[in-house]
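Lettering of chains follows the sequences in order, A, B, ..., and the numbering in each one begins at 1.
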Amino acid sequence: MTVRVRFAPSPTGYLHVGGARTALYNWLFARSKGGTFLLRSDDTDTERSTPRYAADILDGLRWLELDWDEGIEVGGPHAPYRQSQRLERYRQVAFELVAAGWAYWSLADPDALDRWRKEAREQGRAPAYDGSLEPPPEEVERRLAAGERATVRFRVPRPGRTEFTDVVRGDMSFEHTQVEDFVVLRSNGTPTYHLASTVDDVDFGITHVIRGEDLLSSTPKHLLIARAMGARPPIYAHLSLLMGPDGKKLSKRHGDTAVAAFRAAGYLPEALVNYLALLGWSPGDEETIVSRDEMIRRFDLADVSKNPAIFDLDKLQWMNGVYIRAMSADEFVDRILPWVVEDLGREPTGDEQRILREIAPHVQERTKLLAEAAGQVRFLLVEEVDYDERSWSKVMKGDAPEALDGAISALSALEDWTVEAIESALRGMLERQGLSARKGLQPIRVAVSGSTVSPPLFESLAALGRRRTLDRLRRARDRLTG
RNA sequence: GGCCCCGUCGUCUAGCGGCCUAGGACGCUGGCCUCUCAAGCCAGUAGCGCCGGUUCGAAUCCGGUCGGGGCUACCA
C-alpha cells in the first residue's frame, strides 16, 4: 500500500508553528515511506476563510520547503483540492447517508437543544444530543415539504462504541453515548468539517491522517462517516499540541506564532524545521542537529512523543545560530542582504558588498537572527556613525583621549592597511601608552563603530578603510574635548 | 460537569523490569580563552508528581490519586 497523507489547513488564520509542525510530520512520513504528500484546503467555513490566509499558508510551506506532490496549485487526479469547490459532492454524500438511514433531517429547535444539553450537563450526563428532540416523521416531512431549512445529522448508533488504534496513542475506545448525533450538513446546505474532511480523505485515498490531538475526540465521528460510506477508513495518528511557556495551548497571546513572523525575524527555515521536528519526535540518539535527509531516513510515527510540548524560543534561537554559523560567508551575506537593504534604505554598492564579505565571518558567529546582522554591520556602510550614548559615556573617560590620540598617530603612519598591520600598530600604541588592551581599545571601538559591542576591532578597521577610520577617530576626539 | 489524552531536570527529550550513582540538548551558574560581544572548550546546577501494589529487583508493569491539556457548536 502506498502511503498517502495530507495537510489540510483551514485558511481562517495564518500558518502558525503548530500547523507547520503538523505539515512537517506529514511530509516526513510521506518522504520516509516514499509516499505522496498532498495539500488541500479545508475552507468550508466561508465566513472566516480568506485568500490572504490561504496565500500565507502556501508561502510558509514553500519557505519551509515542505513540497507537496498533489493538491492545491500543483493539481492531481482528484482536483479540485479546495473544499469550497466540492460542495456538491458533500451534499450528495449527505443525501446518500440520509437515504441509507445513516443520517436524518434534523429540525430540533436550537433553544430546546441548548436546554437539553445544559440539563444533561447538570445531571452529570454527557451533553451529547441523541436525536430525542426531533419532531415525529410526518411533521418532519411536512415541514421539509413546506420548504423549511433543516440540518442533516448523523445517526450515531446507540448503544455502541467506536474503537480504533491510533499510531501514536495506541488503542482508543469511545462510548457512543458520548458522541452526539452531529451535524454533517448545515441548514444552508454547506458541509461541516467532519463531513467534508472525511469525504475528502476517503475520495482522495488518504491512508494516514496525521493531525493535532484536538481532533482526537472527533475521530469516532470520522470513522462513522467513512464506514457509512462503505470505505476502509484511514489510519489515524494524533500529535500532541504545542504549548506556550505557560503550559497553555500555543496562541496569539504567547506572541506572534506565525511562521511568517519567524521568517521576518531572521530565522532560517532549516533551523525552524530542525527545531519543530525535534519538538515531539526524537531520532533516538543524542543528536540535536539533524539534517533533512537524516530526518527522512529516521522518521517514524512510532517514535513520536505523546507529551504536549512547550515551544522554547531560547532553544530555537540557539539552533538558528548553529545553522547561521554553518553557512559559508558568501551565503551569509546573501541571506542578510534583504535586512541590510531595509536598514540602509538602499542597495549596497559593489564596494560595500566587498566589505560585507570581508567582515561576514566575524559577524556570522555572533548572529542568532539574520535580522540582527544588519545592525551589526551598519557602521561599515554609513559615512558617519551615531554614537550609542550609553557606550560613549561608559568608555570616553580616563585614558580615552590618550588612546584616541595614540590610535590616530599610529594609524596615520601605517603603510599597509591590513588587519595584521593595524593590530601591531595599535598594540604598539597600547604599550607606549601603558594601556591594557581592554581599556585602550574600547574608546577606539566606540569612536569607530558607535558602540561598545562590535565585530573584532582590527578586522573592523581593516574593512572600514583608512579614511573613514581616521575621520571617525578625529571626530570622536573632537567631541571628547567638547 | 461528562468523555478522552498526557505526566523523566525550568524546557525538549533518551530510557521499553536489572546496563540508571537516570544520559543528551537548550537555559542558568562558574572557569578557561579573549580587543568588546559572541563563538568555542571545561565544570557545575537541576528531574522519574504522589500513594499503594506486582516483582529478588520498577523511571520502566498494574491500580488509585493529584496535576496539566483537549473535546464537549449549524468552528475547524
Side-chain angles (χ1 to χ4, degrees), chain A residues 8-10 12-13 42-45 47-49 106 110 113-114 117 120-128 149-153 166 169-170 172-175 177-180 182-188 190-194 196-197 211-220 238 240-241 243 245 247-249 275 278-289 305-319 321-322 325 362-368 376 391 395 423 426-427 430 436-442 444-446 449 451-460:
Chain A
S10 292
T12 54
D42 281 14
D43 55 353
T44 51
D45 185 352
E47 298 286 304
R48 297 193 300 145
S49 296
S106 170
L113 210 44
D114 281 349
R117 285 198 263 246
R121 187 185 279 248
E122 276 162 6
Q123 291 174 192
R125 297 186 345 253
R149 302 251 184 168
T151 61
V152 172
R153 284 182 186 275
D166 186 286
R169 266 145 227 290
M172 291 299 125
S173 173
F174 290 84
E175 216 43 74
T177 47
Q178 301 295 331
V179 183
E180 71 170 352
F182 54 101
V183 172
V184 292
L185 200 67
R186 301 187 187 104
S187 55
N188 66 4
T190 63
T192 59
Y193 169 78
H194 302 303
S197 175
R211 49 157 47 162
E213 193 196 327
D214 49 340
L215 263 354
L216 182 58
S217 38
S218 297
T219 306
H238 288 91
S240 61
L241 268 15
M243 306 294 190
K248 304 287 182 195
K249 188 174 167 181
Y275 178 70
L278 262 41
L279 207 55
W281 170 72
S282 164
D285 59 14
E286 296 180 341
E287 295 307 306
T288 305
I289 302 299
S305 166
K306 295 193 261 274
N307 306 0
I310 292 175
F311 194 88
D312 181 7
L313 206 57
D314 280 338
K315 189 160 185 175
L316 205 212
Q317 216 163 91
W318 163 80
M319 198 173 273
V322 171
R325 273 172 255 132
H362 307 288
V363 176
Q364 203 173 336
E365 64 183 59
R366 324 165 195 254
T367 301
K368 281 204 167 75
Q376 296 177 43
S391 296
V395 306
E423 172 158 12
L426 288 180
R427 289 206 186 276
L430 291 176
S436 67
R438 199 176 201 87
K439 298 224 73 165
L441 261 24
Q442 279 302 75
I444 301 173
R445 184 189 310 281
V446 171
S449 77
S451 166
T452 49
V453 176
S454 82
L457 188 61
F458 311 128
E459 286 79 356
S460 294

Next item on the list: Find the distance Lys248(A):NZ to G69(B):P and express it as a whole number of Å.
Entry: 3 Å
Note to self: Let me confirm one number: the CG-NE2 distance from Leu457(A) to His362(A), rounded to the nearest 0.5 Å.
What the structure shows: 12.0 Å
Note to self: For a quick check of understanding: with a heavy-atom distance under 4.0 Å over all strands, which category does Leu215(A) fall into, base, sugar-phosphate or nothing?
What the structure shows: base
Checklist line | Any Lys368(A) side-chain nitrogen or oxygen under 4.0 Å from OP1 or OP2 of A39(B) | finding: yes
Margin query: Whole angstroms only, please: what is the CD-P distance between Glu286(A) and C20(B)?
Written below: 13 Å
Notebook entry, point to check: Just checking, any donor-acceptor pair under 3.5 angstrom between side chains of Arg149(A) and Ser187(A)?
Noted result: no
Next item on the list: Please report the closest heavy-atom contact between Ser451(A) and Ser391(A), naming both atoms and the distance.
Entry: CA-OG, 3.6 Å
Next item on the list: Could you work out the separation of A58(B) and C20(B) based on their C1' atoms and round it to a whole Å?
Entry: 11 Å
Checklist line | Side-chain N,O (Arg427(A)) to OP1/OP2 (C35(B)) below 4.0 Å | finding: yes
Margin query: Working to the nearest 0.5 angstrom, can you tell me the gap between Leu441(A) CG and Glu423(A) CD?
Written below: 9.0 Å
Notebook entry, point to check: Of all the choices, A73(B), A76(B), C35(B), which nucleotide is nearest to the side chain of Tyr193(A) once you look at every atom?
Noted result: A76(B)
Next item on the list: Give the nucleotide from the list C74(B), C71(B), A76(B) with an atom nearest to the side chain of Arg153(A).
Entry: C74(B)
Notebook entry, point to check: Val152(A) pairs by side chain to side chain contact (heavy atoms under 4.5 Å, CB included) with which of Thr192(A), Val183(A), Leu185(A)?
Noted result: Leu185(A)
Note to self: Roughly how many Å apart are G52(B) and U11(B), using the C1' atom of each and rounding to a whole number?
What the structure shows: 31 Å
Check: Closer than 4.0 Å, any side-chain N/O of Ser106(A) to the OP1 or OP2 of C74(B)?
Finding: no
Note to self: Given the structure, check if the side chain of Arg438(A) and the base of C35(B) hold any donor-acceptor pair shorter than 3.5 Å.
What the structure shows: no
Next item on the list: Starting from the 5' end of RNA chain B, give me the residue, Val453(A) or Ser218(A), whose nearest nucleotide shows up first.
Entry: Val453(A)
Next item on the list: Please confirm whether the backbone N or O of His238(A) pairs with a side-chain atom of Arg169(A), one donor and one acceptor, at under 3.5 Å?
Entry: yes
Check: Taking CG from Asp42(A) and P from A76(B), how many angstroms apart are they, rounded to a whole number?
Finding: 9 Å
Margin query: What contact category does Thr12(A) fall into here, base, sugar-phosphate, or nothing, at under 4.0 angstrom with non-hydrogen atoms?
Written below: nothing
Notebook entry, point to check: What nucleic acid atoms does His238(A) come within less than 4.0 Å of, heavy atoms only: base, sugar-phosphate, or nothing?
Noted result: nothing
Next item on the list: With heavy atoms under 4.0 Å as the rule, sort Arg48(A) into base, sugar-phosphate or nothing.
Entry: base
Notebook entry, point to check: Rounding to the closest angstrom, what is the interatomic distance between G63(B) and A76(B) at atom P?
Noted result: 37 Å
Check: Which is true for Gly212(A) with a 4.0 Å heavy-atom rule: it touches a base, it touches only sugar-phosphate, or it touches nothing?
Finding: nothing
Checklist line | Rounded distance (nearest 0.5 Å) linking atom CE of Met243(A) with atom NZ of Lys248(A) | finding: 9.0 Å
Next item on the list: Return the nucleotide paired to G1(B): Watson-Crick means purine N1 to pyrimidine N3 with N6-O4 or O6-N4, wobble means G-U with N1-O2 and O6-N3, both under 3.5 Å.
Entry: U72(B)
Item checked: Along RNA chain B (nearest heavy atom to each residue), the more 5'-positioned of Thr367(A) and Arg117(A) -> Thr367(A)
Next item on the list: State which of C35(B), A73(B), G70(B) makes the closest approach to the side chain of Leu241(A).
Entry: G70(B)
Checklist line | Complement of C61(B), any strand, by Watson-Crick or G-U distances under 3.5 angstrom | finding: G53(B)
Next item on the list: Please state the P separation for the pair C50(B) and C9(B) - nearest whole angstrom.
Entry: 10 Å
Check: Mind checking the P distance from G7(B) to C62(B)? Whole angstroms is fine.
Finding: 12 Å
Notebook entry, point to check: CZ of Phe458(A) versus P of U34(B): gap in Å, rounded?
Noted result: 13 Å
Checklist line | Per Thr192(A) side chain, nearest of listed nucleotides G27(B), U36(B), C74(B) | finding: C74(B)
Note to self: Nearest 0.5 angstrom please: Leu241(A) CG to Asn307(A) CG, how far?
What the structure shows: 12.5 Å
Note to self: Rounded at 0.5 Å granularity, tell me how far NZ in Lys368(A) sits from CH2 in Trp318(A).
What the structure shows: 10.5 Å
Notebook entry, point to check: Which parts of nucleotides 1-11 of chain B does protein reach within less than 4.0 Å, heavy atoms only, written one letter per nucleotide 5' to 3' as B for base, S for sugar-phosphate only and - for none?
Noted result: BSSSBSSS--S
Next item on the list: Let me know the distance between CG of Leu441(A) and P of C37(B), rounded to the nearest Å.
Entry: 13 Å
Next item on the list: Determine the contact category for Pro455(A): base if any of its heavy atoms lies under 4.0 Å from a base atom, sugar-phosphate if only primed atoms, P, OP1 or OP2 are that close, otherwise nothing.
Entry: base
Next item on the list: With heavy atoms under 4.0 Å as the rule, sort Ser187(A) into base, sugar-phosphate or nothing.
Entry: base
Margin query: Please determine whether a side-chain nitrogen of the Lys or Arg among Glu213(A) and Lys306(A) lies less than 4.0 Å from a carboxylate oxygen of the Asp or Glu.
Written below: no
Next item on the list: Grab the CD-P distance between Gln442(A) and C37(B) for me, whole Å please.
Entry: 7 Å
Margin query: Ignoring hydrogens, what is the shortest heavy-atom contact between Gln178(A) and Ala126(A)? Give both atom names and the distance.
Written below: OE1-CB, 3.1 Å
Any protein N or O atoms within reach of nucleotides 40-45 of chain B? Criterion: under 3.5 Å, listing atom names and distances.
residue	atom	partner	partner atom	Å
G40(B)	OP1	Arg325(A)	NH1	3.3

Note to self: Counting only side-chain heavy atoms from C-beta out, which of C74(B), G69(B), G70(B) sits nearest to Asp214(A)?
What the structure shows: G70(B)
Next item on the list: Compare all side-chain heavy atoms of Asp45(A) with those of Tyr193(A) and state whether any distance is below 4.5 angstrom.
Entry: no
Next item on the list: Could you check which of U36(B), C35(B), C71(B) has an atom nearest any side-chain atom of Leu457(A)?
Entry: C35(B)
Next item on the list: Would you mind classifying the nucleic acid contact of Ser451(A) as base, sugar-phosphate or nothing, using non-hydrogen atoms under 4.0 angstrom?
Entry: nothing
Next item on the list: Nearest whole angstrom, please: distance from the C1' of A76(B) to the CZ of Arg211(A).
Entry: 10 Å
Next item on the list: Provide the distance between the two P atoms, one in C51(B) and one in U13(B), to the nearest whole Å.
Entry: 26 Å
Next item on the list: Check whether any side-chain N or O of Ser449(A) sits under 3.5 Å from a backbone N or O of Val446(A) as a donor-acceptor pair, and report yes or no.
Entry: no
Next item on the list: Report the distance from atom CD of Gln442(A) to atom CZ of Arg438(A), rounding to the nearest 0.5 Å.
Entry: 8.0 Å
Next item on the list: For nucleotides G30(B) and U8(B), find the distance between their C1' atoms and express it as a whole number of Å.
Entry: 27 Å
Note to self: Using a 4.0 Å heavy-atom cut-off, does Gly321(A) contact any base of the nucleic acid, only the sugar-phosphate backbone, or nothing at all?
What the structure shows: nothing
Notebook entry, point to check: What does Thr177(A) touch in the nucleic acid at a heavy-atom separation under 4.0 angstrom: a base, only the sugar-phosphate, or nothing?
Noted result: nothing
Checklist line | Complementary nucleotide of C41(B), counting Watson-Crick and G-U pairs under 3.5 Å | finding: G31(B)
Item checked: Base partner of C48(B), which must satisfy Watson-Crick or wobble distances under 3.5 Å -> none
Check: For C74(B), does OP1 or OP2 lie under 4.0 Å from any side-chain N or O of Arg149(A)?
Finding: no
Next item on the list: Report the distance from atom CD of Glu423(A) to atom C1' of C35(B), rounded to the nearest whole Å.
Entry: 8 Å
Check: Should U11(B) form a Watson-Crick or G-U wobble pair with both distances under 3.5 Å, which nucleotide is its partner?
Finding: A25(B)
